[in-house]
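Heads up, the thing below is written out as structure tokens.
Sequential numbering from 1 along the given sequence is applied to the chain's residues.
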Amino acid sequence: MRRFLLFFFILCCGAGVAFFAGTGCEREEKRSPFTIDPHFGKFVITTQGRGFLEPAAEMVATVPPQLWGSLEYVVEEGAVVKPGDVLFKVSTQRLERAARRFWLQAGRQRVNYEKNKVKNEQASASRTEELTAATVRLTHAQHKEKFLARSADPLAIEKARLELASATRSIEYLSSRLQTRRSLADKGYASRLELLQTEDQFDQAILRKTKAETTLTRYRLGKTKKERERLRRTTNRLSINREELVDRNRRQLKIDTLSEERERLNVESSEAAAKQRTQIMKRATVTATTTGTAIYLDLQHMGLGRIRKGMSVWQGLRLLKVAELSALRAVLQVAASDIERVKVGQEAIVSFPALPGFTSTGKVTKVGKVAIENTWGGKNEAKKFEVWVQLEKTHPLLRPNLSAKAIIKGNEIDNAIRLPAQSVRREGTKYSVSLATATGWQRKEVEIAAFDGEFYYSQSPFLKGASIALCEEGDQ
């Protein structure tokens with residue numbers, strides 16, 4: 001029994017060693033080996049991509065800003081247009097009504113503005129006259145108060161009395177003398193000059209009397225305290241009334257100015273709105289800027305259906321494009337692991353699933369620098385980069401958005417051997433293959449010069465005519 005257990009243990013250990021020795025890419029002895037071409041050759045590294053066609057030059061016709069309504073005219077799909085041809089026209093009836101309404105509103109507002117301006121000017125002139133009159137009354141009262149505020153001097157009063165008495169006597173004397181002179185002058189016994197001198201002396205006497213009476217009146221009134229107090233109150237009242245009038249005029253002038261400014265802004269706003277509608281109407285007709293074929297854009301996702309006359313459109317809506325179908329390009333998506341091999345200027349062969357047997361050559365014109373959203377696979381697929389290939393050969397059935405596949409030719413590798421991707425194991429930056437030897441499978445490191453996604457290219461000389469094992473996907 002003990003011998004049987006020992007024999008069974010040795011048998012199991014041998015089977016385990018044989019199993020682990022044949023795991024991974026070293027289990028290929030159970031399958032037929034792959035024999036490599038014994039001749040080194042020249043290979044062109046290619047990169048594959050797929051995408052769709054689009055015009056190399058196109059114009060997208062969009063509804064202009066601040067414009068919406070119904071389509072009054074739209075060019076037929078497939079029609080060939082040239083610069084200046086009308087692509088579509090949006091109805092402007094709504095804008096015409098709005099512009100007319102704003103012009104009428106601006107006219108009424110301007111008439112009201114002019115009327116109010118004249119009315120405010122007349123009111124301002126009336127207030128200015130009232131203020132001038134109040135200023136005159138106040139100035140007269142202030143002068144009168146200043147006149148009566150002077151103190152009465154007894155000597156001055158006596159002097160004024162004497163002056164009044166002297167002037168009275170002179171008037172009496174000159175009055176009789178003037179009558180005598182006039183009588184003599186009428187009879188021719190007195191000269192005209194003497195008569196004029198007597199009249200002048202009489203007038204001066206009357207003036208002196210009036211001045212003396214005024215002085216005595218002033219002194220007499222100035223002595224009355226009650227009179228001075230009454231005059232001071234009157235002056236204060238006139239001053240307060242004038243200040244109130246000035247303040248009221250200032251406030252009213254400000255109100256009138258603001259009112260005029262508001263009305264003027266309303267006029268300008270209405271005129272600007274009318275001009276804006278007029279300018280928008282000029283943009284209602286969209287014309288072509290390049291020569292090409294009119295192609296309707298798909299609006300099904302927006303629930304608008306097919307583009308047609310009378311449909312409702314709004315600003316920013318992309319309706320159609322003018323594409324130059326004689327110059328198409330393929331917009332491809334290339335895996336991030338392959339994008340480093342693609343350069344501008346490389347040649348490419350483009351095929352189309354919808355046109356079996358037809359291929360077109362082209363050249364790479366643009367290589368994307370930033371990864372884009374992958375539209376050709378699931379969300380878990382590797383990132384893609386966009387590559388443009390300008391087609392050199394056209395076909396009558398080529399149209400934008402047609403699916404396309406391309407093989408981009410890269411650098412050439414001379415004196416190399418091509419290895420299937422399933423035969424190479426990658427561990428970090430090192431690569432190895434399983435070689436068939438007389439004693440079994442042997443793992444050996446190789447140098448890889450390039451990889452095109454399907455084949456590895458190596459220049460290791462020991463691979464000539466060798467047999468290697470194909471690894472399964474999980475063993476690589």
Side-chain angles (χ1 to χ4, degrees), residues 43-58 60 292-293 295-301 318 321 323-413 418-424 426 448-457 470 473 476:
F43 298 94
V44 178
I45 307 301
T46 61
T47 304
Q48 296 184 2
R50 56 180 177 173
F52 58 92
L53 293 182
E54 72 173 16
E58 65 179 8
V60 178
T293 304
I295 301 175
Y296 289 174
L297 297 179
D298 185 13
L299 303 180
Q300 296 290 342
H301 63 286
R318 296 157 58 96
K321 60 183 178 181
E324 181 58 49
L325 299 183
S326 61
L328 296 174
R329 68 183 172 211
V331 180
L332 308 174
Q333 291 186 3
V334 178
S337 58
D338 302 334
I339 194 63
E340 61 182 7
R341 298 196 303 271
V342 182
K343 307 296 180 183
V344 175
Q346 292 178 343
E347 294 184 357
I349 300 177
V350 184
S351 60
F352 310 94
L355 300 175
F358 173 76
T359 59
S360 176
T361 58
K363 287 189 177 181
V364 176
T365 58
K366 177 183 175 182
V367 179
K369 303 297 183 182
V370 181
I372 61 175
E373 182 181 356
N374 181 17
T375 58
W376 292 95
K379 297 182 179 179
N380 297 328
E381 194 168 318
K383 291 184 178 179
K384 302 287 185 178
F385 285 80
E386 192 173 77
V387 176
W388 289 4
V389 175
Q390 184 70 38
L391 300 185
E392 298 176 352
K393 183 179 179 182
T394 60
H395 190 279
L397 297 180
L398 290 182
R399 288 290 183 271
N401 299 324
L402 191 67
S403 299
K405 295 182 180 181
I407 298 177
I408 303 173
K409 298 180 180 180
N411 299 329
E412 292 184 354
I413 298 180
R418 184 166 62 182
L419 301 174
Q422 297 89 341
S423 64
V424 180
R426 179 178 178 180
I448 300 299
F451 176 64
D452 62 2
E454 186 176 359
F455 293 95
Y456 286 96
Y457 298 87
L470 295 179
E473 184 177 355
Q476 297 180 18

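Listed by chain and number, the residues in a side-chain hydrogen bond (donor to acceptor under 3.5 Å, both in side chains) with E324 are S326 (sequence neighbours excluded). Residues passing the salt bridge (charged side-chain N to carboxylate O under 4.0 Å, His left out) test with E54 are R329, sequence neighbours excluded. Remark: E386 pairs with W388 by the side-chain hydrogen bond (donor to acceptor under 3.5 Å, both in side chains) rule, at least two apart or across chains.
Between L53 and A404, the shortest heavy-atom distance links the atoms CD2-CB, 4.4 Å. F385 approaches V370 most closely through the heavy-atom pair CE2-C, 3.6 Å. The minimum heavy-atom distance between E58 and A323, with the atom names listed, is CB-CA, 4.1 Å.
The NZ atom of K409 sits 9.0 Å away from the CD1 atom of I407 when rounded to the nearest 0.5 Å. Distance CD/Q390 to CG/L328: 8.0 Å, rounded to 0.5 Å.
Contact check for T47 versus I339: no side-chain heavy atoms found under the 4.5 Å cut-off.
Within 6.0 Å of CG on D298 lie more than 12 heavy atoms contributed by other residues, nucleotides or ligands. Residue I448 qualifies as enclosed at atom CD1: its count of foreign heavy atoms under 6.0 Å is above 12.
Pairs passing the salt bridge (charged side-chain N to carboxylate O under 4.0 Å, His left out) check and including a residue from residues 350-369, sequence neighbours excluded, do not occur.
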Please tabulate, for side-chain N and O atoms in residues 391-401, each donor-acceptor pair with protein atoms closer than 3.5 Å (sequence neighbours left out).
residue: E392; atom: OE1; partner: T361; partner atom: OG1; Å: 3.2
residue: H395; atom: ND1; partner: L397; partner atom: N; Å: 3.0
residue: R399; atom: NH1; partner: P396; partner atom: O; Å: 3.2

Tell me which donor-acceptor pairs under 3.5 Å the side chains of residues 342-354 have, and how far apart each pair is, sequence neighbours excluded?
residue: K343; atom: NZ; partner: E340; partner atom: O; Å: 3.4
residue: Q346; atom: OE1; partner: K343; partner atom: N; Å: 3.1
residue: Q346; atom: NE2; partner: R341; partner atom: O; Å: 3.0

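The only member of L332, L402, V331 that meets side-chain contact (heavy atoms from CB on, under 4.5 Å) when paired with F52 is V331.
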